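Encoded as structure tokens, the structure appears first; notes follow it.
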Amino acid sequence: MGLSVNKVELIGNLGRDPEMRTTQAGKTIATFSIATSETWKDQRSGEWVEKTEWHRVVIFNEALARIAEKHLEQGMKVRVEGKLRTRKWQDQAGVDHYSTEVHLENYDGDLRFDMKKPGERADGPSSQGPGGGVPDDEPPY
């Protein structure tokens with residue numbers, strides 16, 4: 001059987017502050033959405049078109065979840081690397097629903113971000129910190 005890889009990397013903007021939850025087993029997880037956009041010129045109209053996709057991210061790694069809780073804010077540029085997982089559930093009417101998510105698991109996954117707040121100038125304080133913040137004088141990705 002050939003090689004098989006489940007790995008996804010997204011770079012985008014945080015849609016809102018992370019939502020923190022605790023599982024029945026007492027583990028802390030963080031969830032948030034990232035918006036990625038692509039732009040192209042429509043060949044018919046000549047106008048620029050932008051398409052935004054929303055991606056749900058779930059952090060099961062407790063250390064990364066705590067970092068996300070402490071440092072991530074709506075609008076920040078973030079980079080996540082994890083695995084695609086699709087989960088299925090039924091609503092009260094018995095209708096099946098599916099959700100595809102990027103999971104950052106305990107031993108696999110990465111979270112990086114620039115600790116500057118959206119709109120903050122690059123000559124502010126150093127942005128290197130836990131969880132993958134990068135210095136201001138380096139590109140974040």
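One-based numbering along the sequence shown. Keep in mind it's a predicted model, so treat the numbers as computed, not measured.
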Does Glu73 reach the side chain of Asp17, with side-chain heavy atoms less than 4.5 Å apart? yes
Answer yes or no: are there more than 12 heavy-atom neighbours, outside Arg16 itself, under 6.0 Å from its atom CZ? no
Restricting to non-hydrogen atoms, name the atom on Glu62 and the atom on Asn106 that form the minimum distance, rounded to 0.1 Å. N-OD1, 4.3 Å
Would you call Ile67 and Phe113 a side-chain contact if the rule is heavy atoms closer than 4.5 Å? yes
Using side chain to side chain contact (heavy atoms under 4.5 Å, CB included), reason through Leu111 and Val57 one step at a time and then give a plain yes or no. CA-CA 11 Å; Leu111 169 67; Val57 178; over 6 Å; no
What are the two closest heavy atoms between Ile34 and Gly12, and how far apart are they? CG2-CA, 3.5 Å
Check whether any side-chain heavy atom of Lys77 sits under 4.5 Å from a side-chain heavy atom of Asp114, and report yes or no. no
With rounding to the nearest 0.5 angstrom, report the CG to NZ distance, Asp96 to Lys88. 4.0 Å
Counting N and O atoms only, with roles assigned by atom type, does the side chain of Asp42 sit under 3.5 Å from a partner on the main chain of Glu47, one being a donor and the other an acceptor? no
Salt bridge between Lys51 and Glu38, side-chain N to carboxylate O under 4.0 Å? no
Closest non-hydrogen atom pair, Pro18 against Ala68: CG-O, 3.5 Å
Of all the heavy-atom pairs spanning Tyr98 and Trp89, show the shortest one and how long it is. C-CZ3, 3.8 Å
Using the rule given for side-chain hydrogen bond (donor to acceptor under 3.5 Å, both in side chains), can you reason through Arg66 versus Thr28, listing the C-alpha separation, both sets of side-chain angles and the distance that settles it, and then say yes or no? CA-CA 8 Å; Arg66 295 277 181 217; Thr28 300; 2.8 Å; yes
For the side chain to side chain contact (heavy atoms under 4.5 Å, CB included) test, which of Asp110, Asn61, Val80 pairs with Leu104? Val80
Among Glu101, Glu105, His103, find the one that has a side chain to side chain donor-acceptor pair (under 3.5 Å) with Arg85. Glu105
Kindly compute the distance separating CD1 (Ile59) from CE (Met20), expressed to the nearest 0.5 Å. 7.5 Å
To the nearest 0.5 Å, tell me how far Glu9 CD sits from Ile11 CD1. 5.0 Å
Does Gly15 offer a backbone N or O that forms a donor-acceptor pair with the side chain of Gln74 under 3.5 Å? yes
